[in-house]
Amino acid sequence: MSSKGLIAIVASAAAGLVIALPAFGAPTATTVDVTAGKPSELRFTLSKKTVAKGVVTFKVANRGKLEHDFKIAGKKTAKLKPGKTATLKLTLKKGKAAYLCTLPGHAAGGMKGTLTVK
Ligand SMILES: [Cu+2]
């Protein structure tokens with residue numbers, strides 16, 4: 001075989017490896033979009049009601065007119081001004097994970113809920 005042919009084989013094998021790598025390295029990460037303040041001010045809307053146990057990333061967006069935060073499993077975002085976003089990454093265990101907004105009166109007004117972790 002000519003060395004040119006060998007180079008072509010090695011190059012195509014390398015290309016195959018590059019394509020295959022993302023599949024190998026793909027994390028089983030879960031992302032949940034959390035919208036605060038919409039459809040009503042003291043409500044959260046989560047893109048998922050159930051997640052797999054393990055690392056979960058919450059992408060929190062404040063779409064309301066008041067400040068809000070998002071607390072779950074002992075971790076919380078900073079206070080978010082209207083229009084601001086934050087990311088909260090944590091490991092969840094199997095069970096029920098309660099979430100809430102910690103600003104005074106917000107959870108009592110309905111800004112809370114439960115996420116099921118399977
Ligand atoms: Cu709030």
Side-chain angles (χ1 to χ4, degrees):
M1 189 188 287
S2 73
S3 64
K4 246 186 188 172
L6 188 65
I7 287 165
I9 290 166
V10 170
S12 64
L17 203 68
V18 167
I19 292 162
L21 271 178
F24 275 116
T28 54
T30 305
T31 301
V32 180
D33 291 312
V34 179
T35 306
K38 221 179 171 184
S40 56
E41 192 64 48
L42 298 182
R43 288 288 182 280
F44 282 119
T45 306
L46 273 64
S47 62
K48 294 184 176 94
K49 286 193 172 82
T50 303
V51 295
K53 67 178 171 146
V55 177
V56 181
T57 303
F58 294 92
K59 288 184 176 173
V60 185
N62 184 0
R63 303 287 178 225
K65 293 182 175 69
L66 304 172
E67 282 190 328
H68 295 294
D69 64 10
F70 180 76
K71 182 178 183 182
I72 186 163
K75 277 201 171 189
K76 68 173 183 174
T77 65
K79 246 188 260 178
L80 299 175
K81 291 193 185 305
K84 295 292 179 188
T85 60
T87 300
L88 192 67
K89 192 175 179 180
L90 66 157
T91 303
L92 292 177
K93 290 177 193 159
K94 205 170 170 181
K96 301 268 187 196
Y99 59 83
L100 72 154
C101 174
T102 70
L103 274 82
H106 287 202
M111 218 165 181
K112 59 181 176 178
T114 306
L115 183 70
T116 301
V117 186
K118 283 187 174 173

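Scope of the values below: all heavy atoms of this structure, side chains included, with no hydrogens, waters or symmetry mates. Just so you know, ligand 1 is whichever comes first in the structure, and atom 1 is the first atom listed for that ligand.
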Glu67 and Leu103 have their tightest heavy-atom pair at O-CD2, 3.4 Å
State the count of protein N/O/S atoms located less than 2.8 Å away from the Cu ion (ligand 1).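 Protein heteroatoms (N, O, S) closer than 2.8 Å to the Cu ion (ligand 1) number 4.
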With under 30° as parallel and over 60° as perpendicular, where do the rings of Phe70 and Phe58 fit, or are they tilted in between? tilted
Counting N and O atoms only, with roles assigned by atom type, does the side chain of Lys48 sit under 3.5 Å from a partner on the main chain of Thr31, one being a donor and the other an acceptor?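 Judged by distance alone, yes, a pair lies under 3.5 Å.
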Flag, side chain of Arg43 to backbone of Gly109, donor-acceptor distance under 3.5 Å: yes
Would you say the side chains of His68 and Glu41 form a donor-acceptor pair under 3.5 Å?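 Short answer, yes.
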Is Val56 linked to Ile72 within one hydrophobic cluster, defined over Ile, Leu, Val, Met, Phe, Trp and Tyr using a side-chain heavy-atom separation of less than 4.5 Å? yes
